[in-house]
Amino acid sequence: MVGAAAPEDVHPQKAFGWAARDTSGVLSPFNFSRRHEVVGVVTEVGKKVQKLKVGEKVGVGCIVGSCRSCDNCGKNLENYCTKMLLTYGSTYYDGTPTYGGYSDIMVVDEHFAVRIPDNMALDVTAPLLCAGITVYSPLRHFELDKPGLHIGVVGLGGLGHMAVKFAKAFGAKVTVISTSPNKKDQALNLLRADSFLISSDPQQIQEGAGTMDGIIDTVSAKHPLIQLIGLLKTEGRLVMVGAPVKPLELPVLPLLLGRKMVAGSGIGGVKETQEMIDFAAKHDIKADIELIPMDYVNTAMERVQKADVRYRFVIDIGNTLKPT
């Protein structure tokens with residue numbers, strides 16, 4: 001931005017973190033000035049802050065700004081605001097970057113912070129602010145949160161394992177749908193899903209046909225939808241929360257024959273995120289994580305590419321970030 005003030009002039013508070021400075025994606029120590037799914041404790045508040053107090057546990061999800069005046073913002077859907085600002089990789093209103101959460105401090109508008117109840121540990125709560133709300137929101141919006149429903153969850157990763165936990169907490173019967181037979185033990189014994197289905201097995205697909213009220217599809221790779229649509233009951237809902245890079249084929253006739261729906265959903269607004277956190281606190285829902293030190297982050301990135309994590313890495317900033 002021509003003529004924009006330097007970040008250190010706008011925000012003189014010094015911060016230290018890790019950042020990628022080139023296209024390699026490798027992170028290294030980074031000293032900067034500042035104004036991800038991040039959790040921590042409030043250390044300072046502005047004069048006009050009313051929502052939060054020093055010492056409270058808080059979290060910041062994927063967004064730190066929106067216009068606050070459009071129709072979506074008026075409906076507490078800041079995540080669908082056309083002027084929504086991401087926690088990382090966006091340019092804030094004053095022209096400075098939003099650096100994300102890989103640092104010792106973070107500054108955020110109180111509207112975009114959520115309270116973390118005292119009974120929730122910060123490390124296992126952090127992923128709820130992204131993966132958790134991403135699956136909670138469609139379960140609630142598409143009325144898949146009623147006891148006794150049969151919910152399918154496609155993919156058993158960071159999003160999928162949270163979808164299983166929330167659906168079970170809502171009282172649903174849950175079937176994990178996967179291409180990987182080796183995920184069966186995790187689904188049934190670790191996450192307590194009710195059943196497990198291999199999506200590439202025609203016999204299992206046939207046996208499950210027309211049995212599910214809704215399906216949360218968390219897969220971001222290209223995959224066929226026709227088998228999933230076939231698993232739905234009449235008026236069933238297939239909700240996409242993964243984001244495949246390549247377009248998916250959508251067979252229309254199976255939708256017509258059962259008045260079925262294919263929809264999408266992305267994270268959630270601030271009000272709903274707080275609702276999700278409070279629900280998780282009440283039902284003891286937490287993410288399954290691997291806690292890592294800051295200097296392990298590049299190795300963790302490599303492992304993420306290999307899907308070698310169950311199911312989220314969480315960086316222990318407070319105990320392992322050492323200024324250099």
Side-chain angles (χ1 to χ4, degrees), residues 131-132 134-140 142-244 246 248-265 285 287-288 307-312:
T134 297
V135 297
Y136 178 89
S137 183
L139 286 169
R140 291 279 286 148
F142 293 100
E143 299 184 344
L144 300 175
D145 57 347
K146 308 296 187 293
L149 296 182
H150 184 187
I151 306 299
V153 175
V154 185
L156 194 59
L159 293 174
H161 93 287
M162 294 308 312
V164 173
K165 292 188 177 191
F166 277 112
K168 290 292 292 183
F170 285 131
K173 173 186 176 182
V174 179
T175 295
V176 172
I177 305 164
S178 177
T179 59
S180 305
N182 61 5
K183 293 288 184 74
K184 183 174 182 178
D185 182 66
Q186 298 175 34
L188 300 181
N189 298 321
L190 178 65
L191 298 174
R192 304 297 181 185
D194 297 280
S195 57
F196 183 84
L197 188 157
I198 300 295
S199 57
S200 58
D201 186 326
Q203 181 177 345
Q204 292 188 32
I205 291 293
Q206 181 59 40
E207 291 173 352
T211 65
M212 299 182 188
D213 298 281
I215 296 175
I216 303 296
D217 188 341
T218 73
V219 175
S220 291
K222 187 173 182 179
H223 59 289
L225 299 182
I226 189 166
Q227 294 97 327
L228 303 179
I229 294 171
L231 294 172
L232 293 172
K233 297 178 181 178
T234 299
E235 298 187 334
R237 285 137 286 181
L238 169 60
V239 187
M240 315 296 294
V241 296
K246 296 182 179 180
L248 303 181
E249 293 185 7
L250 179 62
V252 175
L253 186 59
L255 300 180
L256 304 181
L257 296 178
R259 197 155 73 177
K260 300 176 183 180
M261 176 190 298
V262 177
S265 182
I285 296 174
D288 291 359
D308 179 24
V309 56
R310 189 189 297 175
Y311 294 97
R312 275 288 192 263

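Treat the numbers as computed from the prediction; the structure is a model and nothing was measured. Heavy atoms only: backbone and side chains are in, while hydrogens, waters and symmetry mates are out. For the single chain, residues carry numbers from 1 onward in sequence order.
For the residue pair Pro244 and His223, the shortest heavy atom distance occurs at CG-CE1, 4.4 Å. Between Ser199 and Ile177 the shortest heavy-atom distance is CB-CG2, 3.8 Å.
With hydrogens and angles disregarded, a donor-acceptor distance shorter than 3.5 Å links the side chain of Ser220 to the backbone of Ala243.
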Sequence neighbours left out, cut at 3.5 Å: what donor-acceptor pairs do the side chains of residues 144-158 make with other protein atoms?
unit_1 : atom_1 : unit_2 : atom_2 : d
Asp145 : OD2    : Arg140 : NH1    : 2.7
His150 : ND1    : Thr211 : O      : 2.9
His150 : NE2    : Thr175 : OG1    : 2.7

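Taking 4.5 Å as the limit, some side-chain heavy atom of Tyr311 sits within range of a side-chain heavy atom of Gln186. Looking only at side-chain heavy atoms (C-beta outward), Leu228 and Leu232 stay at 4.5 Å or farther from each other. Inter-residue side-chain proximity for Val176 and Lys184 is flagged as unmet; no heavy-atom pair is nearer than 4.5 Å.
In terms of the side-chain contact (heavy atoms from CB on, under 4.5 Å) criterion, residue partners of Gln203 (sequence neighbours excluded) are, by chain and number, Asp201, Glu207. The side-chain contact (heavy atoms from CB on, under 4.5 Å) check on Ala263 picks up Phe142, Met261, with sequence neighbours excluded. Remark: Gln206 pairs with no residue by the side chain to side chain donor-acceptor pair (under 3.5 Å) rule, at least two apart or across chains. Residues forming a side chain to side chain donor-acceptor pair (under 3.5 Å) with Gln227 (at least two apart in sequence, or on another chain): none. Ser265 meets the side-chain contact (heavy atoms from CB on, under 4.5 Å) test with Tyr80, Ser137, Pro138, Val239, Val241; sequence neighbours excluded. With sequence neighbours left out, Asn182 forms a side chain to side chain donor-acceptor pair (under 3.5 Å) with no residue at all. For Glu143, the side chain to side chain donor-acceptor pair (under 3.5 Å) criterion is met by no residue, not counting sequence neighbours. Applying the side-chain contact (heavy atoms from CB on, under 4.5 Å) test to Ser200 and every residue at least two apart in sequence or in another chain returns Ile198.
Sequence neighbours left out, the pairs with a member in residues 167-194 that pass ring-ring contact (aromatic ring centres under 6.0 Å, His included) are Tyr136-Phe170, Phe170-Phe279. Sequence neighbours left out, the pairs with a member in residues 159-176 that pass salt bridge (Lys or Arg N to Asp or Glu O under 4.0 Å) are Lys165-Asp288, Lys168-Asp194. Annotation: salt bridge (Lys or Arg N to Asp or Glu O under 4.0 Å) contacts involving residues 209-224, sequence neighbours excluded, comprise Asp213-Lys233.
Surrounding CG of Leu250 are more than 12 heavy atoms belonging to other residues, nucleotides or ligands, all under 6.0 Å away.
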